[in-house]
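Working notes for the structure below.
Only a predicted model underlies this, so the values are computations on that prediction, with no experimental measurement involved. Indexing begins at 1, ligand by ligand and atom by atom, following the structure's order. Residue numbers run from 1 in the order of the sequence given. Just so you know, these numbers use all the heavy atoms, side chains as well, and skip hydrogens, waters and symmetry mates.
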Amino acid sequence: MRRKLIAGNWKMNLTALEARAMLATLRANIDKDSAALAKDRDILVAPATILIPAVSQALAGSSIALGAQNMHFEDKGAFTGEVSPAMIRPYGVTHVILGHSERRHIFGERDDLINRKVLAALKHRIVPILCVGETQEERDAGRTLEVVGRQTEAGLAGVNAEAAEKIVLADEPVWAIGTGRTATPGQAQEVHGSIREILRDRLGKEAGDKVRVLYGGSVTAENVDSLVSKPDIDGALVGGASLK
Ligand code: PEP
């Protein structure tokens, strides 16, 4: 049984003050002794990089995990504007979102760069949340499984079975991100099932079955239950709704 993971991607939103207020509410709901929520799933927030120190402080003693939204693959060097895994790890960052569609499509990140980041995250004991997903055009052309398969294979190049428990995949159809159009549970399960097959092929059945594959794309409080009820949907990566 894979434990569900619900991860909030705050993107470029919230000031430190707003983040603290948000976390106070979240902790009141999630960290209460009796909170059923925290017992049956993992919960994570991924703030903008500059908020990591403030969020780390606000999460002290919490069951809520801290993630980053991106990072460089080198430990240090002449990479103006970037942050390294070695810089974020000491703040208790346990996860990092990599290859998000906004990084791929707005900032031009390609599979080989994303793969270097995945390997760097593992080296620093940070769990990479590797995002994959097809555009509307690719879906319309019947290329969804091919595109998602290529992104999965390329992103995981050099990752072995031992690392399986330390990686998370996120299937995020580009056409569903921030649009209010969610994949149906059936559409998402088809993609997740094919990702699961790739994971089993690459890592072996036992290790492949341990990897959590999240769904992301306009997930809300209303549609999350039907999505995560599918066998290969192991949680959600939530953008807009995680700010509410
Ligand atoms: C995301 O950014 O990862 C995402 C899924 O956004 P939204 O939930 O707003 O579609």
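A salt bridge is defined here as a Lys NZ or Arg NE, NH1 or NH2 lying under 4.0 Å from an Asp or Glu carboxylate O, and Arg200 with Glu197 meets this definition. Between Asp112 and Arg116, no side-chain nitrogen of the basic residue sits less than 4.0 Å from a carboxylate oxygen of the acidic one, so the salt-bridge criterion is not met. Checked for salt-bridge contact, Lys210 and Glu206 meet the test: a charged N lies under 4.0 Å from a carboxylate O. Using a 4.0 Å cut-off between a side-chain N of Lys or Arg and a carboxylate O of Asp or Glu, Arg2 and Asp42 do not qualify as a salt bridge. Using a 4.0 Å cut-off between a side-chain N of Lys or Arg and a carboxylate O of Asp or Glu, Asp75 and Lys123 qualify as a salt bridge.
Set against the non-hydrogen atoms of Gly217, the atoms of ligand 1 under 4.0 Å away are 5 (C), 10 (O). Within the listing of ligand 1, atoms 1 (C), 2 (O), 3 (O) sit less than 4.0 angstrom from a heavy atom of Asn9. For ligand 1, the atoms closer than 4.0 angstrom to any heavy atom of Ala176 are 10 (O). In summary, the atoms of ligand 1 found under 4.0 Å from a heavy atom of Gly178, numbered by their order in the structure, are 7 (P), 9 (O), 10 (O). Taking every non-hydrogen atom of Gly240 and a distance limit under 4.0 Å, the qualifying atoms of ligand 1 come out as 7 (P), 8 (O), 9 (O).
The single protein non-hydrogen atom nearest to atom 1 (C) of ligand 1 is His100 NE2, 3.2 Å, given as residue, atom name and distance. With respect to atom 8 (O) of ligand 1, the closest heavy atom belonging to the protein is Gly239 N, 2.8 Å. In terms of protein heavy-atom proximity, atom 5 (C) of ligand 1 is nearest to Glu172 OE2, 3.1 Å.
Minimum heavy-atom separation, Ala54 to Ala16: CB-CB, 4.3 Å.
No side-chain N or O of Glu137 forms a donor-acceptor pair with one of Trp175 less than 3.5 Å apart.
Remark: ligand 1 and Ser218 share an N or O pair separated by less than 3.5 Å (distance only, no angle test).
Using a non-hydrogen distance threshold of 4.0 Å, Cys131 does not register as a contact of ligand 1.
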